[in-house]
Structures are given as C-alpha cells and as structure tokens.
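Scroll down for the structure; my scribbles are underneath it.
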Number of protein chains: 2
Amino acid sequence: MKRPRRPNERKPNRRGSIPPLTVKRLSLYLRYLEESAEANQTTVSSRQAGRALGLTDAQVRKDLAHFGQFGRPGVGYYVEDLAREIRKIFGTDQVWDVALIGAGRLGRALLGYEGFLKKGFRVSAAFDSNPKRIGREFANVRVQPMAELTEAVASGRFRLAILAVPAEAAQEVTDELCRAGIRGIINFAPVRLAVPEDVAVVPVDLAVQLEQLSYFANSPTPRKQRRQGKRGGQS
Amino acid sequence: MKRPRRPNERKPNRRGSIPPLTVKRLSLYLRYLEESAEANQTTVSSRQAGRALGLTDAQVRKDLAHFGQFGRPGVGYYVEDLAREIRKIFGTDQVWDVALIGAGRLGRALLGYEGFLKKGFRVSAAFDSNPKRIGREFANVRVQPMAELTEAVASGRFRLAILAVPAEAAQEVTDELCRAGIRGIINFAPVRLAVPEDVAVVPVDLAVQLEQLSYFANSPTPRKQRRQGKRGGQS
DNA sequence: TAATGTGAACATTTTCACAGCA
DNA sequence: TGCTGTGAAAATGTTCACATTA
C-alpha cells in the first residue's frame, strides 16, 4: 500500500540530506577560497565566487546555507573562516592517510602528486602484486606485497584507498578492502564496483572523460547561451 | 514584457538539447555493451543494463530514446548495433588523435594508457617546456618543445588535448591551444579554465575527487536506502 | 509473454526576487 | 547601500504505469 503524497511536500531536512551536487560544488568553493586567501583577500561575496566559478550568486549562497549561516549581510564571507568550515565538512581539517593499490604507471604518478597533501591527504602506503615492483620505492613510499594489505587497512590507519589496478583485478581487490574495513575508494579501473552500503566509491574513468569531451567537442556549440557570454561551459 | 508560462510547459525538444546527465550515462551504457559483446550476448534489455549499472530500467530506456528508437519490444537492444550507434553519437566510430601537453609523471602515465586506444583515442603527440624532457620518448611518442604545439594543433590533426601541466601554466597553455583551434580539453590542473564558447572543457581534479570521497566516507551512511539494497551508491 | 517508448506524476535543482541585516 | 538567507517559482531530471509491438 503506497502512501499518497502531495505534489511538493518535502521531507524535513534531516542532517545528511545535502544535495549531492552541492557537495560537488563545495570542493570548488574551497579551492576558490584558498586562492583568495593566497591573494590576501579577507572576504568574498557570493557574486565574486559565482563569477569565478561560472555559477550564479544565488546558487553559491544556497549551497553554503545548507551547512549553516556563514556569511554577513553587507560584507560577504570571511575567507579563512569559511575555508575552515568547509574543510570540517569534508573532514579534511586533519590529514588522512590513503593507501594506494596498484603501483603501475598511473599509481606511481599519483604517489608523487603533491596536490594531495595540500588538501589533507597523504598517500603513505602502496601495494602491488607484481614481484618486480614490490620493495621498490617511489616518492619515499616502499611498495608492499598485497598480502600485507588486509592488515594495514584493518589496523585502522587507512580509511580511504586509491584503486589503480587492472580492470580484471579491481573487484577482487575491492572485496578484500571492504572486508578489511575500508570506508571509501577512488576507482580508476573502468569497472563498476560492487560494495556494501557503507562504503563510498568515487569512479574516475579516464576513457569516459575523453568520450564526454569528444561528444561536446563534436556537437555544434549547443552550450548554453548567456547574455554577453564569453566563456564556454565546463562540465 | 515577460511571456507568462504555465507551470510545467516544456519547450519542444530541439535537436541538440540532450540532458547532460544522459550524455554521462551514455558512456556507461557503451562500456556495458562492450562487456556484453565480449561475453557473446547478442541482446540486452533495459532491465539488465540498469541492474548492472545501478539505474532503473525506465531511465535506460528514456536516455536511449533521446537519440532514436534502437530497441525492439519483446527483445531488447541488439548489443553490436546499439554500441555502434553510441560510438557514432560520441564521434568515436573513428580514431582521433589527441595531443598531450605536459610530460610529467601524470602525463607520461596517460601516454601509456592502453584504455584510450580501445575507446578510439590515440595520444600521439606530447609537448613540454622542460628541456630535460624534450626529445625523450615515452610509449613510442617523442616529447616535442612547446614551440611546436601551435603548428601541430593548427594543422588540424588534433581536435582534442589532454592538459597535464602545473596549475600556474594551465591558462597560458590553454590560450595557446584555443588560438590554434583546439575543440576540447581534458584539464587535470586544479584551475577553472577560461575558454571561448566553442571549446569544451572536461575538468578532472584528482584532489577534488578525494575530497568528495572523504565527505561520503565520513557521513554516517546517508546513502539512499533501497529495498533489498546490497550495494553502496556510486557517484 | 516480454520488452520498448512515452505521457504524466513526482522529485530535485536552479533561479528569482525580496525582506532584513550591517 | 551592499549583501546574505530564503520562500516561491521555474526548470530540469527521474520514476511510474501503460498502450503497444514482436
């Protein structure tokens, strides 16, 4: 028996019901705030932020309002304060250790990426099944055998993992990670991973990104027209 | 004077107005079809595809219906035919040359990624400003000086580019690419690129992906409840 | 019977527009 | 005056349910 529901009735805004698209933009806001801080700005308005990111000012305000009242009428948002708040929301106000699985070319490139540490992520362990890679060291991290993966994750040191293994191995490794208690996985393998409800997966399929690009680059400029529009859209 | 519009009146579905989210899923459909073909399936139903990808059958049908009537009632979709159609939509029914800008660790990893060629993209030229890298060869591609970039792109051989340079250099290189007539850019630099209307940009900020993951891994399982739900959500 | 394609209902997301604060 | 926070409207996206076809 279905409960009838009036057209626009809304559920009470339970904590945890943040719109997914808002969460995505939150990363952009943080990046913009970090740039602004670097430029010694102390406040930014929703309009400034929106302009820089290709969004409307209303959208910026509404997104931020989901998490609290951070702004001051007539002034804007205090750059440092808001950045701190957003980091707290992401849980990146502290540094997290991340495990890398798969030390192939892509994995090794990620190991050396300084951008992660600036954002609060330290890729501090690497695992691989290939004997030729085990024991070697990249960016000061020694590659360990897969056999040691379970214990490392189960110890609680790693809540997040970067999966950069071949497609064929991805699900198997994932099962292992989940059994060991991982909380989230960035998946570079071109496969949809099956995981339990309480494990988050963010897929990054590079070939898919190229396909998207090809589509938009081919279609005859169907991107949204804007008054005075000078810039192309950005997915 | 504003023309009044009734609440749910919809604009006629002009050609070119494909919902962006549909385009994103199209990549997933194609990947699923390729797997199905490999498993020697000749047809798939919207329900099978949906189940494998975490979507409803209705959504699969509606997405595909935007592009034509590919299915057969009582049968489903012919795997090979539909795959061919989708490739045509993406423009990947032929192989495109892609230029890589920035032959650092990440760039070199992408140079050697075989997944691209399977999808119809050949990363066949690389450019870098670092004299130590110029002239060296990775995955059979010789790194050229930046000075040669403009001519290579202007020749028309490259419509798409992968940008894997440091954030500071990204906009400058982008301007160069746009002047030379590039049509699309995958941007790995953590910066929003300003581009003319007719150039597409797909941003891939790896630190942002980790932030997203951190958010979802921290929040207390706010992912959508499903009857019999066994699998976690997947962004 | 098994499946598509599709209007209409439902749901989410974005934009508008304005009250109210500094 | 300049800007936020926010209801309400508009736009976009998803699911339902069913006529229709093989």
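Naming convention: chains lettered A, B, ... in sequence-line order (proteins, then strands); numbering from 1 in each chain. Just so you know, these numbers come straight off a predicted model, no measurement behind them. All heavy atoms count here, side chains included; hydrogens, waters and symmetry mates do not.
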Between OG1 of B/Thr22 and CZ of B/Phe67, what distance do you get to the nearest 0.5 Å?
6.5 Å
Rounded distance [0.5 Å steps], CD1 in B/Ile185 versus OG1 in B/Thr174:
4.5 Å
Rounded to the Å, how far apart are A/His66 NE2 and C/dT12 P?
12 Å
Rounded to whole Å, CG of B/Asp63 lies from P of D/dT12 at a distance of 17 Å
Expressed as a whole number of angstroms, how long is the span from A/Ile18:CD1 to C/dT14:P?
13 Å
Between atom CG in B/Leu64 and atom P in C/dG5, what is the gap in whole Å?
8 Å
For A/Arg31, is there an ion pair with A/Glu34 - N to carboxylate O distance below 4.0 angstrom?
no
When we call it a touch if two heavy atoms are under 4.0 Å apart, what does B/Arg61 touch: a base, just sugar-phosphate, or nothing?
base
Reading DNA chain C from 5' onward, which residue's closest nucleotide shows up sooner: A/Ala58 or A/Gly74?
A/Ala58
Compare side-chain N and O positions of A/Tyr77 against OP1 and OP2 of D/dG5 and report whether any pair is under 4.0 Å apart.
yes
Applying side chain to side chain contact (heavy atoms under 4.5 Å, CB included) between A/Glu211 and each of B/Ile86, B/Leu30, B/Val23, B/Ile89, report the one that passes.
B/Leu30
Can you tell me how far C1' of D/dA17 sits from CZ of B/Arg47, to the nearest Å?
14 Å
Whether A/Arg72 contacts C/dG20 is assessed here as follows: a side-chain N or O lying under 4.0 Å from the phosphate OP1 or OP2. Is that the case?
no
Sorted by number, residues from residues 32-40 of chain B placing a heavy atom under 4.0 Å from DNA chain D are none
Could you state the atom-to-atom distance from CG of B/Asp57 to C1' of D/dT14 in whole Å?
12 Å
Identify which nucleotide among C/dT6, D/dT6, C/dT14 has an atom closest to any side-chain atom of A/Leu21, counting heavy atoms from C-beta outward.
C/dT14
About how many Å separate OH of A/Tyr215 and CG of B/Leu26, when rounded to the nearest 0.5 Å?
8.0 Å
Taking only side-chain N and O atoms of A/Gln59, does any of them lie within less than 4.0 angstrom of OP1 or OP2 on C/dT15?
yes
Any heavy-atom pair between the side chains of B/Thr92 and B/Lys119 that's under 4.5 Å?
no
For atom CZ of B/Arg25 and atom C1' of D/dT12, their distance in whole Å
12 Å
At under 4.0 Å, does any side-chain N or O of B/Thr56 touch on OP1 or OP2 of D/dT14?
no
I'd like to know if A/Arg179 pairs up with A/Asp175 as an ion pair, taking the criterion as any Lys NZ or Arg NE/NH1/NH2 lying under 4.0 Å from an Asp or Glu carboxylate oxygen.
no
Answer yes or no: side-chain N or O of A/Lys62 and base N or O of C/dT14 forming a donor-acceptor pair under 3.5 Å.
no
Report the distance from atom CG of B/Leu55 to atom OH of B/Tyr32, rounding to the nearest 0.5 Å.
11.5 Å
Using only side-chain N and O atoms of B/Gln48, determine if any of them is under 4.0 Å from OP1 or OP2 of C/dA3.
no
With a 4.0 Å cut-off on heavy atoms, is B/Ser46 in touch with a base, just the backbone sugar-phosphate, or nothing at all?
sugar-phosphate
Please tell me which of B/Thr22 and B/Pro73 maps to the more 5' nucleotide of DNA chain D, matching each residue to the nucleotide holding its nearest heavy atom.
B/Thr22
Nearest whole Å is fine: how far is D/dC3 P from A/Arg51 CZ?
13 Å
